Amino acid sequence: MTQENNRMAEIPATEPARQKYFMKLVREQVAALSQKKGRPLTCFISTFGCQMNARDSEKLLGILLEAGFVQGTDEHSDFVLYNTCTVRENANLKVYGRLGYLNGVKRKNPDMLIALCGCMMQEPEVVERIRKSYRHVDIIFGTHNIFRLAELIYRRLEERKMVVDIWEGTDAIVEELPIERKYPFKSGVNIMFGCNNFCSYCIVPYVRGRERSRNPEDILSEIKNLVSDGVVEVMLLGQNVNSYGKTLKEPISFARLLQRVEQIDGLERIRFMTSHPKDLSDELIQVMASSKKICTHLHLPLQSGSSRILKLMNRRYTKEQYLELVDRLRAAVPDISLTTDIIVGFPGETEEDFEETLDVVRRVRYDSAFTFIYSKRTGTPAAAMENQVPEAVVKERFDRLLKEVQDIAAQVVKRHEGTIQPVLVEETDTHEPGFLTGRLSGNTVVHFRGEPSLIGKIVPVSLDEAKGFYFMGSLVNTD
Ligand code: SAH
Ligand code: SF4
Ligand code: F3S
């Protein structure tokens, strides 16, 4: 047997043992290269898109550090990875722009490795375009196999040509690989992957695959470990957390999972994202109302206020059902902060439909709202619909909506002005030296003067002045 064959025979067949094996091999390759260069090899991940991608990037960074890279600060690093998003076209365009720029960077550092992963890579035409026009890319992988990064780097260094590994889907959820968190005191926790809803405008189900829930025991033990490592706030992540657990061998509801998470000692705050209005149960509302740890915030994407458009969007609720749900939530959790996502310019949207959206915005009075211009995603049912709304009309509606959302948010956020609230201190303020930035339970941002040693702690802050979406406050002395 040759040495290479020996090596192949040693490769563990099951995960995570297999990846641990490859992390060790890459560590040797990185050490050799680093000795040649007389300096450590740096890595840098740029993340586009949602919380799901942010969490994936923490896993990817965990693998890279385990494989011997040190964290770099920018794209002038030895290993650069773009974790991409394709939910709207502009997310896509940004990546092509950055890749063009990286071509020049790589010319100055030919040993540099460029890798692409994430939702955009699940689209065959994207991968085709990169293979043809961006030959300086070294590794391409998708959303289903991020746990394999070390193996792919090993292959790239051995084979010395572009490595492409995209899976169409997966049933596997690989646990117990290293993770490097961005914040020591808070963390996202995946509770499920994929989406089965097929909203007619949305590409996510095609690029993230079918819905898969993690076992509650795995989730709970991950959170317990996080808490013993200093985490006080978790954000449970899924495209539709309200349908968590339905397909498990022993089904469990999301509300029940929350109750079990609540019992973890040392955990102070629980958030979750995203809640689909169609699956939000009364059981969940009750659990939220009686909980001491679940934050008084709910992100409840509306998308459109017109029942006609909602039907075309395949959202499976009406304007009336949405408003009625908001009433039930407010009755149970009176001070709840509601936030939302709204799409303007879905195919066929008329002025009347848009007025319905404004009407919901005025009735619900959101603490904040993400507003998006409809973006046509090839392969989704909405892309083939007639009556795409002219750009100028969409732009005009978008501006009107934004103004309404901002005016209302400024009034709504002001309701807490003058009160003292617990704030989780997150970081030093990037604009004002000597200031810190933190968040209320309702998710509103507060800036106040304080020592960086408070970062990660929950402290009482007096909310002195509301400034639109955020507060200027002052620390309340408790001794
Ligand atoms: N699972 C979440 C949403 C994930 S995508 C949910 O169901 O709410 C985040 C947001 O992007 C969506 O809420 C929607 O408002 C927006 N979005 C998705 N596809 C879009 C498209 N084709 N054009 C514009 N916005 C879109
Ligand atoms: Fe997209 Fe709808 Fe799934 Fe959200 S629920 S990810 S909007 S298909
Ligand atoms: Fe984008 Fe993928 Fe999230 S398409 S919004 S990164 S699931």
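All figures in this text were calculated on a predicted structure; none of them were measured in a lab.
We find that D359 and R363 are joined by a salt bridge, their nearest charged nitrogen and carboxylate oxygen being less than 4.0 Å apart. A salt bridge links R208 to D56: one of the charged nitrogens lies within less than 4.0 Å of a carboxylate oxygen. Note on R449 versus E432: no salt bridge recorded, every NZ/NE/NH1/NH2 to OD/OE distance being 4.0 Å or above. Ionic pairing of R328 and E324 is present here: one or more N-O contacts between side-chain nitrogen and carboxylate oxygen are shorter than 4.0 angstrom.
In this structure, H416 and F471 have tilted ring planes: the angle between them lies in the 30° to 60° band. Using a 30° and 60° split on the angle between ring planes, Y101 and H76 fall in the perpendicular class, above 60°.
For R260 and Q263, the side-chain atoms include no donor-acceptor pair closer than 3.5 Å. Looking at S474 and D464, their side chains do bring a donor and an acceptor atom within 3.5 Å of each other. A donor and an acceptor atom, one from each side chain of T419 and Q421, are located under 3.5 Å apart.
Remark: R55 engages E58, S187, E222 in a side chain to side chain donor-acceptor pair (under 3.5 Å) (not counting sequence neighbours). F79 pairs by the ring-ring contact (aromatic ring centres under 6.0 Å, His included) definition with F69, not counting sequence neighbours. Partners of R415 under the side chain to side chain donor-acceptor pair (under 3.5 Å) rule, at least two apart in sequence or in another chain, are D335, S337, D367.
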